[in-house]
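Reminder, nothing fancy here: chain letters follow the sequence lines and each chain counts from 1. All values below were derived from every heavy atom in this structure, side-chain atoms included, with hydrogens, water molecules and symmetry-related copies excluded.
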Amino acid sequence: MLCLQDAKSFAIVSAMNDTLINLEATLFCGQTFAWTKEGSTYEAVLGGRNITFEESDFSALVAEDTMLSHYFDMEWDYEAAETELSTLDPHLAMLIRQYRSIHILNQDPWEVLVSFLLSQNNNIQRIRGMYRTLSKTYGTEVDPGAFAFPRPSQLDCVSEAQFRALGMGFRAPYLVSAISQSHLLEFIGSLDYQAAKELLKSIRGVGEKVASCILLFGYHHMEAFPMDTWMQKVMKRYYPTKDETYFAPYAALAQQYLFHGERLGGRQ
DNA sequence: GGCCAGGCCCCAG
DNA sequence: CTGGGGCATGGC
């Protein structure tokens with residue numbers, strides 16, 4: 001019933017009642033910077049645990065681990081949303097056929113906040129490097145060579161100069177600000193989308209786009225529509241008279257496919 | 001060697 | 001409120 005031949009350079013894993021997930025696209029499309037992949041082995045530190053698994057073992061892994069099942073968002077009905085978006089728009093239909101079953105991860109909001117502070121005027125490969133630098137320098141080593149991303153308390157005493165010395169550049173003062181205001185993250189989940197976005201934007205270095213990413217990747221607000229340089233090109237070329245309301249209520253999912261398609265289609 | 005990268009801040013009009 | 005320069009750094 002499932003068209004695995006659509007998967008070309010990436011594998012679509014079937015798990016839990018035929019719920020699909022495109023692991024490769026989901027973990028390396030720029031919503032998280034925590035993962036490495038060697039061969040078919042994926043590895044990251046999540047919630048203080050070193051997670052290592054083979055692609056072929058993914059199904060069993062999420063079946064027995066509710067924390068990971070939630071992280072990979074295996075309960076949300078992606079198939080229904082993909083069907084609706086495909087019916088709505090032919091360009092999206094093509095991208096969804098090509099990259100189907102990209103999930104929106106449920107990540108730790110603090111990691112998302114820092115990750116996307118680092119993301120500005122930056123590229124995905126270097127963001128990943130900076131994320132790992134912070135982990136190795138300040139995070140807890142949970143297994144030999146495997147470092148957790150540092151908690152706010154582990155960064156309390158780090159100065160702007162120290163962050164600059166680690167290569168964080170002009171984002172260094174934003175990190176210092178985020179650490180001192182990390183307590184705000186506890187309230188974000190209880191606010192509606194707009195109120196949460198305004199509160200996040202009170203953190204120095206968090207603007208419209210970064211706030212959207214935090215609300216999407218940290219709080220699963222599927223109405224978010226992060227507008228970066230790639231998405232500006234996409235909207236100008238394919239949807240010059242439209243905005244995110246065209247994709248409602250699945251704007252975030254549409255955005256992921258459009259972003260992914262533009263990035264992979266453009267250069268390679 | 002410029003140009004660009006999942007932008008935001010700040011300041012001039 | 002809108003527009004544009006500046007910002008650190010590395011890869012191409």
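Between A:Ile203 atom CD1 and B:dG7 atom C1' the separation is 16 Å, expressed in whole Å. Between the P atom of C:dT9 and the CE atom of A:Met130 lies a distance of 9 Å, rounded to the nearest Å. In this structure, A:Leu117 atom CG and C:dT9 atom P are separated by 17 Å, rounded to whole Å. Atom CD of A:Gln232 and atom C1' of C:dG3 are 14 Å apart (whole Å). Summarising the geometry, the separation between CZ on A:Phe170 and C1' on B:dG7 is reported as 7 Å, rounded to the nearest angstrom. The OH atom of A:Tyr131 sits 21 Å away from the P atom of C:dG10 (whole-angstrom rounding). Taking atom CD of A:Glu160 as the reference point, atom P of C:dA8 lies 9 Å away to the nearest angstrom. To the nearest angstrom, P of C:dC1 lies 14 Å from CD of A:Glu208.
Among C:dG10, C:dC7, B:dC9, the nucleotide with an atom closest to any side-chain atom of A:Arg126 is C:dG10. Taking every side-chain heavy atom of A:Gln120 into account, B:dC8 is the closest of B:dC10, C:dA8, B:dC8. Closest to the side chain of A:Tyr174, out of C:dC7, C:dG10, B:dC8, is B:dC8.
One finds a side-chain N or O of A:Arg204 lying less than 4.0 angstrom from the OP1 or OP2 phosphate oxygen of B:dC10. Within the structure, every side-chain polar atom (N or O) of A:Lys209 is placed at least 4.0 Å from both OP1 and OP2 of B:dA5. Phosphate contact (OP1/OP2 of B:dG7, side-chain N/O of A:Thr229, threshold under 4.0 Å): present.
Between B:dG1 and C:dA8, the two P atoms lie 23 Å apart (nearest whole Å).
Atom NE2 of A:His220 sits about 10.0 Å away from atom CZ of A:Phe217, to the nearest 0.5 Å.
In this structure, a donor-acceptor pair under 3.5 Å is absent between the side chains of A:Glu111 and A:Thr32.
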Could you go through the ring-ring contact (aromatic ring centres under 6.0 Å, His included) check for A:Phe72 and A:His103 one step at a time?
CA-CA 7 Å; A:Phe72 285 101; A:His103 282 208; 8.3 Å; no
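Residue A:Gly30 is the one, among A:Gly205 and A:Gly30, whose nearest nucleotide of DNA chain B lies closer to the 5' end (criterion: closest heavy atom). Nucleotides of DNA chain B nearest to A:Val206 and A:Gln256 differ in position, and the one nearer the 5' end is that of A:Gln256.
For A:Arg263 (side chain) and A:Trp230 (main-chain N/O), no donor-acceptor pair under 3.5 Å exists by modelled atom type.
Contacts of A:Lys233 with the nucleic acid, taken as non-hydrogen atoms under 4.0 Å apart, involve only primed sugar atoms and P, OP1 or OP2. Nucleic acid contact class of A:Phe217 (heavy atoms, under 4.0 Å, all strands): base.
The closest side-chain heavy-atom distance from A:Glu82 to A:Tyr257 is below 4.5 Å.
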